[in-house]
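The structure presented is a predicted model; accordingly, all values stated were derived computationally and were not measured. Note on naming: letters A, B, ... go to the chains in the order of the sequence lines (proteins, then strands), and numbering restarts at 1 for each one. Only heavy atoms go into these numbers, but all of them, side chains included; no hydrogens, no water, no symmetry mates.
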There are 2 protein chains.
Amino acid sequence: MKTHRDLGIKLTPQRLAILSYLDGNKDHPSAEDIYKAISKKFPTMSFATVYNTLNALKKRNSVLELTIDPGKKRYDPNIEPHNHLICVRCKQIEDIPVAFQLDLPKGTNRDFTILRNHVEFHGICPSCKIKQS
Amino acid sequence: MKTHRDLGIKLTPQRLAILSYLDGNKDHPSAEDIYKAISKKFPTMSFATVYNTLNALKKRNSVLELTIDPGKKRYDPNIEPHNHLICVRCKQIEDIPVAFQLDLPKGTNRDFTILRNHVEFHGICPSCKIKQS
DNA sequence: GTACGTGCAAAGGTTTTGCATTACA
DNA sequence: TGTAATGCAAAACCTTTGCACGTAC
């Protein structure tokens, strides 16, 4: 998450509200989550503006688009390399604030230039374990 | 990929065609890819049947639903634990036929019960590197 | 003042669903 | 024969787009 001082993007009240909602947010919200939260204060807010802003931020590398949830995109204001813990029951996503140094195993296509990696741990979160019992 | 001998699912000609198309397939096809390929031989095949079959196979753990491509699901008949190499340019997905033994870093939520992990390497494939130059 | 953002509605793409018909087991 | 799958169309979602209007810079 960068600050408002960044140039290159017009800072409208709607965008400031989205930036403020995302700042420090660890819920990995979907566009709808963002829309719902901000509509309370901005009744005229539209989905087009949410997507417009998210795509502008994505292009500027100020937000990550996560492809973790089948059916919808999730957004992450934490642009530091990190990984995720995903509850297979409730779909909650938790950050793992650490990067893994991984190499391709021997025998894998070495002609691929690796830019980054992303690790997903799938499991069951504490609160779903309680519900289960 | 299991064999046709599996019980618990009715084997219609359409399903046999889908199973045969998926068997050994390393392209991680989308539902549309499957539909297009099979429509050639089954002109009456419908999307409903493709999704119905894929969801039945998924439930039986005979196919994996990959959430790697934003906007659409991809399907993988390889149900052995393995990982993926993804070209950020052409979106090609290649298998890494090896599982990684990874532990949660210290300080991470230990109350999560880990069931499995999935590693994605993002990079540029050989053929996109050539196009680039 | 101008380029860019907003908001609305419509359209586009993917997946699911309802229902009458068909066919596997 | 009975249960489950098929196929079609419609609907449900999520995301993008076109366009007239408004506003940050």
Side-chain angles (χ1 to χ4, degrees), chain A residues 3-22 28-60 62-76 91 93, chain B residues 3-22 28-60 62-76 91 93:
Chain A
T3 74
H4 301 168
R5 264 158 278 159
D6 300 348
L7 304 175
I9 179 175
K10 275 193 187 175
L11 291 174
T12 64
Q14 293 88 336
R15 289 186 165 183
L16 289 171
I18 293 174
L19 285 166
S20 154
Y21 176 76
L22 285 176
H28 310 84
S30 65
E32 189 180 8
D33 294 331
I34 298 169
Y35 172 76
K36 277 186 182 166
I38 295 182
S39 294
K40 292 173 190 165
K41 291 189 177 175
F42 271 86
T44 69
M45 167 73 65
S46 74
F47 262 104
T49 297
V50 174
Y51 281 111
N52 172 341
T53 300
L54 288 171
N55 287 331
L57 292 173
K58 184 175 64 174
K59 196 172 291 177
R60 296 171 38 66
S62 298
V63 75
L64 293 180
E65 185 182 277
L66 301 182
T67 305
I68 276 185
D69 200 346
K72 66 180 134 189
K73 297 171 180 171
R74 302 260 211 137
Y75 295 88
D76 193 339
K91 310 298 180 194
I93 301 171
Chain B
T3 72
H4 301 167
R5 263 158 278 160
D6 300 349
L7 304 176
I9 179 176
K10 275 194 187 174
L11 290 175
T12 64
Q14 292 88 337
R15 289 186 165 182
L16 288 171
I18 292 174
L19 285 166
S20 153
Y21 176 75
L22 286 176
H28 310 84
S30 66
E32 190 181 8
D33 295 332
I34 297 168
Y35 172 76
K36 277 186 182 166
I38 295 182
S39 294
K40 292 173 190 164
K41 290 190 179 174
F42 270 85
T44 69
M45 166 74 63
S46 77
F47 262 105
T49 296
V50 173
Y51 281 110
N52 172 340
T53 300
L54 288 170
N55 287 332
L57 292 173
K58 184 176 65 176
K59 196 171 292 175
R60 296 172 38 69
S62 298
V63 75
L64 292 180
E65 185 181 279
L66 302 182
T67 305
I68 276 184
D69 201 346
K72 66 178 132 189
K73 297 172 181 170
R74 301 260 212 139
Y75 295 88
D76 193 339
K91 309 300 179 193
I93 301 172

How close or far is atom [atom2] of [N] from atom [atom1] of [X], stated in whole angstroms?
| X | N | atom1 | atom2 | answer |
| --- | --- | --- | --- | --- |
| A:Leu16 | D:dA24 | CG | P | 10 Å |
| B:Lys58 | C:dT16 | NZ | C1' | 11 Å |
| A:Leu11 | D:dG22 | CG | P | 22 Å |
| A:Lys73 | D:dC13 | NZ | P | 19 Å |
| B:Leu57 | C:dT15 | CG | P | 15 Å |
| A:Asn55 | D:dC14 | CG | C1' | 13 Å |
| A:Leu66 | D:dT15 | CG | P | 12 Å |
| B:Phe47 | C:dG13 | CZ | C1' | 10 Å |

Are the side chains of [X] and [Y] in touch, meaning some heavy atoms are under 4.5 Å apart?
| X | Y | result |
| --- | --- | --- |
| A:Leu11 | A:Leu19 | yes |
| B:Ile68 | B:Arg74 | no |
| B:Arg60 | B:Ile9 | yes |

Touch class at under 4.0 angstrom, heavy-atom based, for A:Lys10 against every strand present: base
Touch class at under 4.0 angstrom, heavy-atom based, for B:Pro13 against every strand present: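 Sugar-phosphate contact only - B:Pro13 comes under 4.0 Å of backbone atoms but never of a base.
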Check against side chain to side chain contact (heavy atoms under 4.5 Å, CB included), A:Tyr75 and A:Glu65: CA-CA 5 Å; A:Tyr75 295 88; A:Glu65 185 182 277; 3.8 Å; yes
Comparing A:Thr49 and B:Ser30 on DNA chain C - which has the more 5′ nearest nucleotide: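 On the 5' side of the pair lies A:Thr49.
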Short side-chain N/O contact from [X] to OP1 or OP2 of [N], under 4.0 Å:
| X | N | answer |
| --- | --- | --- |
| B:Arg15 | D:dT6 | yes |
| B:Gln14 | C:dA23 | no |
| A:Ser46 | C:dC8 | no |
| B:Asn52 | C:dT16 | no |
| A:Tyr51 | D:dT16 | no |

Pairwise 5' ranking along DNA chain D for B:Thr12 and A:Ala31, keeping only the more 5' one: B:Thr12
Comparing B:Met45 and A:Glu32 on DNA chain D - which has the more 5′ nearest nucleotide: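 Nearer the 5' end of the strand: B:Met45.
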Side chain of [X]: nearest nucleotide among [options]?
| X | options | value |
| --- | --- | --- |
| A:Lys72 | D:dT15, C:dT15, C:dT6 | D:dT15 |
| A:Thr53 | C:dT6, C:dT16, D:dT16 | C:dT6 |
| A:Ala48 | C:dC8, D:dC8, C:dC24 | C:dC8 |

Within 6.0 angstrom of B:Lys58 NZ, more than 12 heavy atoms from elsewhere: yes
Intermediate values then yes/no, side chain to side chain contact (heavy atoms under 4.5 Å, CB included), B:Leu22 and B:Leu54: CA-CA 10 Å; B:Leu22 286 176; B:Leu54 288 170; 4.1 Å; yes
Axis deviation across the helix from C:dG1-D:dC25 to C:dA25-D:dT1, five-pair ends, to the nearest 10°: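 Comparing the first five pairs with the last five, the axes sit 40° apart.
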Side-chain H-bond candidate by donor/acceptor type, A:Asn52 with A:Thr49, under 3.5 Å: no
Nearest-0.5 Å distance that lies between atom NZ in B:Lys41 and atom OG in B:Ser20: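 Output value for this atom pair is 7.0 Å.
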